[in-house]
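Below is one structure, written out as structure tokens, with a few remarks after it.
Note that this is a predicted model, so its numbers are computed, not measured. Hydrogens, waters and symmetry mates play no part in the numbers below; they use all other heavy atoms, side chains included. Below, read A as the first sequence line, B as the second, and so on, with proteins coming before strands; counting in each chain starts at 1.
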Amino acid sequence: MKFDLLKDDFSIPAAEEKVLAFWDTRSVFHQCNELAKDKPHFVFYEGPPTANGVPGIHHVISRTIKDLICRYKAMQGFRVDRKGGWDTHGLPVEIEVEKQLKLENKAQVIEYGVAEFNAKCKASVFKYLDQWNRITRRMGYWIDLDDAYVTLTNEYIESVWWILKNFFDRDLIYKGYKTLPFCPRCETGLSSHEVAQGYQLIKDPSIFVKVKAADEDFSYLVWTTTPWTLPSNAALCMHPEADYVMVEHEGEKLVLAEALISKVFGEDKEVLKRFKGADFERRQYIPLFDIFADKTDKAFYVINGDFVTLEDGTGIVHIAPGFGADDYEIGQKYGLPVLQAIEANGIFKDFAGKYAGMFIKDADPIIIKDLKSAGRLFKKELYEHNYPFCWRCDSPLVYIARQSWYLKTTQFKDQLIRNNNAINWYPDEIRSGRMLDWLENNVDWALSRERFWGTPIPIWVCDDDKCGKMRAVGSIEQLRKEAKDLSEPVELHKPMMDEVKLTCECGSEMTRIPEVLDCWFDSGSMPYAQWHYPFENEDEFKIKYPADFISEAVDQTRGWFYSMIAISTILYDQPPFKNNVVMEFILDKEGKKMSKHKGNVTDPFETMDRFGADPTRWYLLANSAIWVPTKFDPDTLAEVVRKYFDTLRNTYSFFALYANIDEVVDKAAEAGVSIETYLDKKAGEPDRFDRWIMSRYQSLVKEVTGNFDKYEITKAVRAIQHFVIEELSNWYVRNNRRRFWATGDDPAKMRAYLTLYRVLLGVCKLTAPVTPFTSEMLFKELMGLDKEAPLSVHMTSFPKPDETLIDKQLEKTMGLIEKAVSLGRAARSRKNLKVRQPLAEFLVSLPNQMSFDKLEGFLDILRDELNVKKVSAAGRLDQYVSYSAKLNFKAAGPRLGGDVKKAADLLNQLTSDQVREGEQTGEFKIAIEGREVVLSSEEVQVVRMEKEGFAVESDGGLSVTLVTELSEELLQEGFARELVNKIQNMRKSSGFEVTDRIRVTLNSTERVKLAAQRHDEFIRSETLADELEFAQATGNAKEWNINGEKTSISVVKV
RNA sequence: GGGCCUAUAGCUCAGUUGGUUAGAGCGCGCGCCUGAUAAGCGCGAGGUCAUUGGUUCAACUCCAAUUAGGCCCA
């Protein structure tokens, strides 16, 4: 058996499909879990997605992170149970079904039948389950979907009920009002997401109304853009610290904010009196309408609020607590009644006098007309603003206060903040910024939704108004016991739960409140409800609460993150998870949000079919830090494939190519040992390159482990990428190719095999959490016929760094060598000296008096890479180089302070000799304004400048000099190498095999001929030429320019 | 309107506790290699570090404001 070279028509997506088939047929995920059974737990919570929407590319990144951390921890010896989950309740499901059934509002749903409607909802919840299963499998996300928790099951709901009862019995749930955007036509509250979709710039009437003060001779000038809310007015609000004035206008005394006089009247007005807003607090006024005038004595006075702005209007705001969140909140503070003259459907109530039965927008002009005839209208304008409309029916939304059930989260504010602080957030700004901000401004959690498809809130209220007792039910058992008549099977949903009656202590019947639960409460209950705790699995729950790790996108701050923290805090006063990696969104390549109607949505299936799942995963992690928005660009993804994946595969197939020639797989199998053991037995001593790459590899293991442990995923992935491309492929393999060409069991070759084998195997394991497919594929190849080998790379242990193999000095030296090579190439390139032309000498000057001896044993690398005859220390080259000195600001700055610039100037003025002397003595003396200042060699950087015949390049403290003078001997060798190059080109273009022997005919100048004769053997052995003759060109001759000498060459196979 | 994040080369991104030559990959230009070969490698050009002000001997880095994009909330 041979290693598969993974060449020719290799395709990543096709290879991944093979790995998937292997995982499936051998149940690899399951087997991994079995192996981990007795290991310590690393607890992961899956944030449940909703399967009634299609999966997008952003799901791929979030699941890649989850998968990566779970696989990493599993390889580190933890048991990582990965229970899946599905979020199944909520408005999106209902809307989907309404669309399907062409229902437009709640009334129509009721008419259609709640039972049937909810059955449809239940059926549609997993509408795209197939796509979710496909993407989960295709991207290599290992999660247990067979045992997933589902929020609509009786078990799950029962746990949620248990939590709710706990809260209810602790008196933490109460009934209040919640202001929400409401579509009067659909009779539905809208989520903020839906509201955001429907903003339009429109012109609304904006009216200024004179409101008479009670028992005083003036009017408040009040501004509003929603005339239809005026009949529900309860108060006027002024800013307590703002300046208000009384002015006279057409014989009437009016009060308004001083800052707005000219805006309101179009001119200045004489100020009769000045006040602060606070001066008016609690002063009564005469209501504009008498609808509520006789119904309450608690309203119709001036209140103070900070939110009043002096930019528009009059600085006096009309307050209708029934409409508008600010209004409601301040109303609560002052104990104002919630007055609502309209029904939820936007129709004025019966008691609303002449407006009864009118739709709000139709009532607007009539209200304005009535105010005018009553002499209360000051003026009317049109006001342009963004206003939300229903995205379904295009009706203007109204902000309306609805009765709602609340959880007293504000009571736990301090604990919430404390528990939030105990969580490691990645990045930390979420903890200290977004989440803290949210918690500090915490308002009680509005739990209820006036909808159909959700967890029914298990609170029953006595039908007898006078009794009004309430009771929470916390289990099915309790329900069975207390219900008057409960049919089986029990289904914890509407409408069944609406029909269940309990008996009150007073003897009356109790009816369940009609609302369902906010579905964020469902998902926030998952730490308990996924186990059906406390009814079952108590042990399991105790082990798996709290979680070690979760990860979702930043939009979950106020969603799942908050709901989990809130419930966990109130229930057990501890954080529900310890580490949370929060991702940013994925934008299109222009940095714009992806959205369906823009058509810039990336289809994850298409991406993975085209590039593969591993490159997609790699790209999403490596391209930018995961908490920075990623601009998704398929071109960059293609680059990832070329750079990283192709390089890794090429490195592997280079190894495989030669190892196959030596039949490594079969010989190891014959010997009955692993390939590594086989190679190890035959390998010679590691040389400097072997020790270097192993040292770098061990350092990489350390770096990757450290970064994964800190959830610095991007840094870890980038470190691996750099190692594979630059160090393994580009430096180790390139510099050691010749070792692989040796024949037989050459020990140096076997050591090279072994080194490359070990590093490749190590890289497989290091990357297994990131690129599970590629790692698996290479791992299986590298294992050959070894019967002892683990079934899967995912069953192996994550590499641990072997400190004894780390040689920092060696890494540093090799780094200098690489740098010197790079500088030498730059020098050659600048002087137009191709590498084929040998040069006499290369001089190296090391930073900070580092001894040249350090490079001992590495100089041949410089000779080979740079094609020079000799490499030596730069010391004796003073005569050809001029020196100048520059100040090292970082070193000298703190000591010199304000003198730093002067010192830098003076240092620049030193002569070459002075600098050279300074470098030798280690002291640079300058005089700053008469004072002598001595700078140490640490504080000064010496720069060498080249003179004629030399090429100097410097970087940091390292500086190299190329002697560019060419002797005739060097030139001759240059001709010879040039000839070799051209002959090789012709071999190739003639289609010869690499082993074909040839005959070469040359026709050229004397100079070239001389050079060719002198290097005859070299040329022939390099080009596999039996003969090199000088004659007239034959048939296939080609003209070449050999370093300026015209030459014709022909090659024939012998 | 409030909170948070982002802005560095044509593109995608690095840039340690502030230190004077701001890095890498792609793309582009030039070249090299031809025993990893429909691959590989090198060198080069390219930047007012979004704008404005401040702190400092010294600011891409710290502070403030502004502009643009993103997220969340009003």
Distance check, [atom1] atoms only: [N] and [M], in whole angstrom units.
| N | M | atom1 | answer |
| --- | --- | --- | --- |
| B:A50 | B:A36 | C1' | 45 Å |
| B:A59 | B:A45 | C1' | 28 Å |
| B:C60 | B:U20 | C1' | 13 Å |
| B:A7 | B:U12 | C1' | 14 Å |
| B:A22 | B:G31 | P | 28 Å |

Between the side chain of [X] and the main-chain N/O of [Y], is any donor-acceptor distance below 3.5 Å?
| X | Y | answer |
| --- | --- | --- |
| A:Y753 | A:Y658 | yes |
| A:D444 | A:T409 | yes |
| A:R828 | A:K834 | yes |

Among B:A14, B:C26, B:G19, which nucleotide sits nearest the side chain of A:E639?
->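 When the side chain of A:E639 is considered, B:C26 is the closest of B:A14, B:C26, B:G19.
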So which nucleotide from B:C73, B:A36, B:G19 ends up closest to the side chain of A:W741?
->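 When the side chain of A:W741 is considered, B:A36 is the closest of B:C73, B:A36, B:G19.
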Filtered N/O pairs between nucleotides 4-10 of chain B and protein, under 3.5 Å:
unit_1	atom_1	unit_2	atom_2	d
B:C4	O2	A:R434	NH2	3.1

Look at all strands and tell whether A:F655 reaches a base, only sugar-phosphate, or nothing, counting heavy atoms closer than 4.0 Å.
->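 Since no nucleic acid heavy atom lies under 4.0 Å of A:F655, the category is nothing.
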Would you classify A:V900 as touching base, sugar-phosphate or nothing, given that sugar-phosphate means primed atoms plus P, OP1 and OP2, and contacts are heavy atoms under 4.0 Å?
->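 Answer is base: heavy atoms of A:V900 come under 4.0 Å of a base.
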For A:T651 and for A:F889, find the nucleotide of RNA chain B with the closest heavy atom, then tell me which residue's nucleotide is more 5'.
->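 With A:T651 and A:F889 compared, the 5'-side residue is A:F889.
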Which residue lies toward the 5' end of RNA chain B, A:K982 or A:L657, if each is placed at its nearest nucleotide?
->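 Looking at RNA chain B, the more 5' nearest nucleotide goes with A:K982.
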Can you give one letter per nucleotide of nucleotides 38-46 of chain B, going 5' to 3': B for a protein heavy atom under 4.0 Å from the base, S for sugar-phosphate only, - for none?
-> -S-SSSS--
Separation of atom CZ in A:R738 from atom C1' in B:U34, rounded to whole Å =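 One finds 12 Å between C1' of B:U34 and CZ of A:R738, rounded.
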Ring centroid separation for A:F561 and A:W438, is it under 6.0 angstrom?
->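 No, they do not, as the ring centres are separated by 6.0 Å or more.
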So, A:Y619 versus A:F611, ring centres under 6.0 angstrom or not?
->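 Centroid distance A:Y619-A:F611: not below 6.0 Å, so no.
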Side-chain donor/acceptor contact of A:K890 with base of B:U17 under 3.5 Å =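 Side chain to base: pair present.
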Using the side-chain contact (heavy atoms from CB on, under 4.5 Å) rule, pick out the option among A:T1023, A:I983, A:N985 that qualifies with A:V1051.
->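 Testing each of A:T1023, A:I983, A:N985 against A:V1051, the sole residue satisfying side-chain contact (heavy atoms from CB on, under 4.5 Å) is A:I983.
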Is A:E781 salt-bridged to A:R649, going by a charged N under 4.0 Å from an acidic O?
->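 Here A:E781 does not pair with A:R649 in a salt bridge, since their nearest N and O are not under 4.0 Å apart.
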Can you establish whether the number of heavy atoms outside A:R738 located under 6.0 Å from its atom CZ is more than 12?
->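 Counting other residues, nucleotides and ligands, CZ of A:R738 stays at 12 neighbours or fewer.
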Considering non-hydrogen atoms only, spot the tightest contact between A:L621 and A:T714 and give its length.
->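 Shortest heavy-atom contact: O-OG1, 2.9 Å.
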